[in-house]
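Worksheet: the structure to be examined is printed underneath.
Since this is a predicted model, take the numbers as computed values, not measurements. Atoms within each ligand, like the ligands themselves, are counted from 1 in listed order.
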Amino acid sequence: MSATPAYDVNERRDTALARALKARIRAEGPLPLDEYIRVCHFDAAHGYYATRTVIGAKGDFVTAPEISQVFGELLGLWCGVVWQGMGAPGRVRLIELGPGRGTLMQDVLRVARKVPGFYDALDVHLVEAHPGLRRTQQALLDAEAAPITWQPGIDAALDEAGTHAIVLANEFVDALPVKQAIRRGGAWREQRVGLDVRGELAFVDGPAVVGASSVAAADECAIQEFCSDYEAAFGGRNTAVRARSAVWLFVDYGHAASALGDSLQAVRNHRYEHPLCSPGEADLSAQVDFQALSAFAASRDLVCDGPVTQAQFLGTLGILQRASRLMAANPALANSIESGVARLMSPNGMGTRFKVLGVRSPTVAPLPALVSDARSA
Ligand code: SAH
């Protein structure tokens, strides 16, 4: 399951953040892995999201909405149907977590106009931690008539009693910090980021992990991963309950059933490297454990639909029909439309590696296109 190359010390780069982290570890001791990831993402001076062009051909990775406009258009139609299922309320919050360059929201809003009354009902809230991306989103969505508000977190976006809300999150949960536990002598120990004998960053064993022994038989050195920040998707304890009807759509790469394994990965300039090589200069992410995400939602009295594979979800929503209509209308773009859709649907790539999970308040009807028959990892 791991995409992580072995830790080649010669690949290690002496980034500004590596120096700051080593000084901090010398003073305070090893850091929990989720804290290391949080600092790598968000350190105000040297954090990855604070300083870099992250998404697109010039960035480190490309996401589904950047591959094909059809992706966002189908999600937009899905939102329109969900809104109708909510009884077509006169106001609905359309919230996006981690909107990247704003491309997905732009495509969603374009088709929202085609669902009678939907566009005019929208209050758009974008939750974005990256100041540079916030500016990119502002520039792209500047001409929209719908009101758009930027929020620091999901709590602020959902913070109104009686709100109807639809929350979109594409490749958001994979960026949330994870912890890892490693199997040593029949027990689980927290894996932390410390220093090796030469004073360089290295994984070290931390304290015993209580309550991590749900997996009975695990080999020595097996790894378990836990996301420690699902609240960034659902908000504080009472948030979902306060919204009268709320729906979440998570699209991310990951596995339907919890499994042992190290999935933390670092990508820089479209290439994998070890997560400790370039602190602050590589994208760190981990596969989403959809079983754990669903369990967290259930602990908030929310109901889950799916997960299904991305190929099944987009197929049910009619991606092939939509693509052929677009190709007929834009013959000059036919090749790029076809190759983009093929990439999103690829049986050995995004089509199956990405899963789609719907989450809803119990008052909302089962969500379209998310009947689970893909409970394979
Ligand atoms: N959804 C976009 C971008 C995915 S990249 C797309 O599909 O293209 C992850 C996005 O989440 C980035 O916009 C990043 O800045 C944002 N992000 C990551 N962690 C965040 C957090 N804790 N709070 C808010 N935004 C976050």
Inset, instruction - Would you confirm whether the ring centroid of F234 sits within less than 6.0 angstrom of the ring centroid of F250? - result: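 Yes: the rings meet the under 6.0 Å criterion.
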Can a salt bridge be assigned to the pair [X] and [Y] using a cut-off of 4.0 Å between side-chain N and carboxylate O?
X: R24; Y: E35; value: yes
X: E190; Y: K179; value: yes
X: D14; Y: R19; value: yes

Specify side chain, backbone, both or neither for [X], according to which of its non-hydrogen atoms lie closer than 4.0 Å to ligand 1.
X: Y48; result: neither
X: A129; result: both
X: L133; result: side chain

Inset, instruction - Provide the number and element of each atom of ligand 1 under 4.0 Å from a heavy atom of H130. - result: 15 (O)
Inset, instruction - Below 4.0 angstrom from a heavy atom of N170, which ligand 1 atoms are there? Numbered from 1 as shown, please. - result: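 What qualifies from ligand 1 is 1 (N), 2 (C), 4 (C), 6 (C), 7 (O).
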Inset, instruction - Look at the aromatic rings of Y48 and H41 and report parallel, tilted or perpendicular, splitting at 30° and 60°. - result: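 Rings of Y48 and H41: tilted, 30 to 60°.
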Inset, instruction - Consider ligand 1: state whether an atom of it lies below 4.0 angstrom from any non-hydrogen atom of P65. - result: yes
Legend entry - Whether L104 lies under 4.0 Å from ligand 1, heavy atom: no
Counting heavy atoms only, name the option from [options] that's nearest to [atom].
atom: atom 1 (N) of ligand 1; options: G100, G102, G98; result: G98
atom: atom 4 (C) of ligand 1; options: E128, E231, E171; result: E171
atom: atom 6 (C) of ligand 1; options: V127, T63, V173; result: T63

Legend entry - Any donor-acceptor N or O pair under 3.5 Å, side chains R113, Y119: yes
Inset, instruction - Any chance you could pull the hydrophobic cluster mates of V197, using side-chain heavy atoms under 4.5 angstrom and chaining through other members? - result: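 V197 shares its hydrophobic cluster with no other residue.
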